[in-house]
Amino acid sequence: MKAFLIDRYAKGAALRVGEVPEPQLLDNDVLIQIHASSVNPLDAKIRDGEFKLILPYSLPLILGNDAAGVVVRVGSRVRGFKPGDEVYARPAKDRIGTFAEFIAMNEADVAMKPKNLTMEEAASMPLVALTAWQALVERAKLKKGQKVLIHAGSGGVGVIAIQLAKHLGATVATTTSTANVDLVKSLGADVVVDYKKDDFENVLQGYDVVLNSLGKDTLEKSLRVLKPGGKLISISGPPDPEFARENGFGWLLQQVMRLLSFSIRRKSKRHDVSYSFLFMTANGGQLAQIASLIEAGAIRPVIDRVFPFEKTNEALAYVETGRAKGKVVIAVK
């Protein structure tokens, strides 16, 4: 099968297109013929070697973290899926590889594709929707009447997080550029801070939750908009000791994470708020719940551009410009 892969970690390098064997099917696996995938900043970070401490892949590695397609074969123990099922998924972090014609993954990580979405639309959802769900529903326990600030509202995670937060009944503020103000308002944002005109920390106050996907400066400024007891959840780091413990990292790596997050954890404590790092995990059950929300019209995909499979490198480069509104999709089949 054809796939886009890396042979070594290299910042900004092009992926190599090559012929690789079809993946092996384990007893609990489904083999999916991929119709569409989508690009996430995570793909570039893995290629650049930014995550090699916490994601020790063996190379060469097929990149890609989102898939929508059709089940073609199932393992002997699979009960939830059959050949012909249209599905969508984010594979487990140690089994990525959706920039390819086929992928095998555990059935626990897979869900039926939302009936009202095309393959391209469905492929845009898994990683970002799971990130939003795990941040707002699981970690923040966001409730009706609470106030949440979602940074980078026009980005891949932002466009879904705004819609999910509105569905949960929260008041939603977001940061974006002038060009994207109308987009984030159309998704349900109540308060929009144009970062080209205003500093969000001077405009917002008394928030229960902040979801951060930006850098260190934004992270620290976010402390000032939270009320005592508020929660600062960051998907862009720095990783914290709790994350290291949950993933079973050794003592040395735990100390590294403790050091990396020491400053923000200390400042959070001073502001009487909690800080946590979220690295989303594959979860077919949550994807099934998200599919119900999509079918009910509570969440819709936002796609900037669709690239053909052979232009996967161009799709990755476009995401790296940081200008994409919503998601960038790759049509594989």
Side-chain angles (χ1 to χ4, degrees), residues 1-20 22-23 32-52 55 57 59-70 88-91 93 95-103 113 117-129 131 152-160 176-177 179-180 183 213-215 235-236 280 300-333:
M1 67 170 187
K2 196 173 279 186
F4 281 85
L5 55 165
I6 57 169
D7 296 299
R8 60 187 179 86
Y9 296 120
K11 195 165 178 63
L15 311 183
R16 171 173 69 84
V17 61
E19 286 289 332
V20 297
E22 226 175 75
I32 299 165
Q33 182 175 24
I34 299 172
H35 285 229
S37 182
S38 74
V39 183
N40 296 282
L42 175 63
D43 299 308
K45 289 179 178 179
I46 292 171
R47 176 206 61 197
D48 293 350
E50 280 186 37
F51 283 117
K52 61 187 175 189
L55 295 172
Y57 292 115
L59 303 174
L61 169 73
I62 303 170
L63 278 187
N65 286 275
D66 279 316
V70 175
Y88 78 145
R90 187 277 201 242
K93 65 180 189 288
R95 298 189 70 183
I96 68 167
T98 63
F99 296 167
E101 293 176 308
F102 294 90
I103 190 169
K113 177 181 80 65
L117 297 190
T118 64
M119 286 291 183
E120 285 82 8
E121 289 170 333
S124 76
M125 299 297 287
L127 185 138
V128 292
T131 301
S154 64
V157 172
V159 295
I160 305 302
T176 195
S177 66
N180 297 321
L183 169 66
S213 54
L214 301 171
I235 59 172
S236 53
M280 62 74 56
R300 64 177 172 91
V302 178
I303 294 176
D304 186 308
R305 285 178 70 179
V306 179
F307 287 80
F309 188 40
E310 62 271 19
K311 297 229 163 117
T312 294
N313 274 307
E314 285 94 323
L316 188 57
Y318 182 58
V319 167
E320 286 188 277
T321 66
R323 291 196 292 271
K325 298 177 185 182
K327 290 298 295 287
V328 171
V329 172
I330 297 165
V332 178
K333 189 177 185 299

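Nearest heavy-atom pair, D7 versus P60, reported as atom, atom and distance to 0.1 Å: OD1-CB, 3.5 Å. The shortest non-hydrogen separation linking V332 to S37 is CG2-N, 4.1 Å. Smallest separation of non-hydrogen atoms from A100 and I34: O-CD1, 3.3 Å. Contact between A315 and V39 at its shortest, heavy atoms only, is CB-CG2, 3.9 Å. Summarising the geometry of K325 relative to A179, their closest heavy-atom pair is NZ-O, 4.0 Å, with the distance given to 0.1 Å. When all heavy atoms of V319 and N40 are compared, the pair lying nearest together is CG1-C, 4.3 Å.
The CD1 atom of I32 lies 14.5 Å from the CD atom of E101; values are rounded to the nearest 0.5 Å. Here the straight-line distance linking atom OG1 of T98 with atom CD1 of I103 works out to 6.0 Å at 0.5 Å rounding. Between atom CD of residue E310 and atom CD1 of residue I330 there is a gap of 10.5 Å, rounded to the nearest 0.5 Å. We find the CG-CZ distance between L61 and F99 to be 10.5 Å, quoted to the nearest 0.5 Å. I235 CD1 to T131 OG1: the interatomic distance, rounded to the nearest 0.5 Å, is 5.5 Å. With rounding to the nearest 0.5 angstrom, the CG atom of N180 is 12.0 Å from the CZ atom of R323.
Listed by chain and number, the residues in a ring-ring contact (aromatic ring centres under 6.0 Å, His included) with F51 are F279 (sequence neighbours excluded). Annotation: side-chain hydrogen bond (donor to acceptor under 3.5 Å, both in side chains) contacts of S38 (sequence neighbours excluded): D66, K327. Every residue meeting the ring-ring contact (aromatic ring centres under 6.0 Å, His included) condition with F4, not counting sequence neighbours, appears here in chain and number order: F309. Take V306 and apply the side-chain contact (heavy atoms from CB on, under 4.5 Å) test, not counting sequence neighbours, and it matches E120, I303, V329, A331. With sequence neighbours excluded, no residue forms a salt bridge (charged side-chain N to carboxylate O under 4.0 Å, His left out) with R305.
Within 6.0 Å of the CZ atom in R16, the count of heavy atoms belonging to other residues, nucleotides or ligands exceeds 12.
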Step-by-step side-chain contact (heavy atoms from CB on, under 4.5 Å) determination, I96 to L55: CA-CA 11 Å; I96 68 167; L55 295 172; over 6 Å; no
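Listed by first and then second residue, the ring-ring contact (aromatic ring centres under 6.0 Å, His included) pairs involving residues 310-331 amount to none (not counting sequence neighbours).
Under the 4.5 Å side-chain criterion, counting only non-hydrogen atoms from C-beta, I46 is in contact with N65. Using a 4.5 Å cut-off on side-chain heavy atoms (C-beta onward), I6 and L15 make contact. Contact annotation: the side chain of R90 approaches that of M280 to within less than 4.5 Å [non-hydrogen atoms, C-beta and beyond].
With respect to K11 and D48, a salt bridge is recorded, a charged nitrogen being found less than 4.0 Å from a carboxylate O.
With hydrogens and angles disregarded, no donor-acceptor distance shorter than 3.5 Å links the side chain of Q33 to the backbone of V70. Panel note: side chain S213, backbone S236; no donor-acceptor pair is recorded below 3.5 Å.
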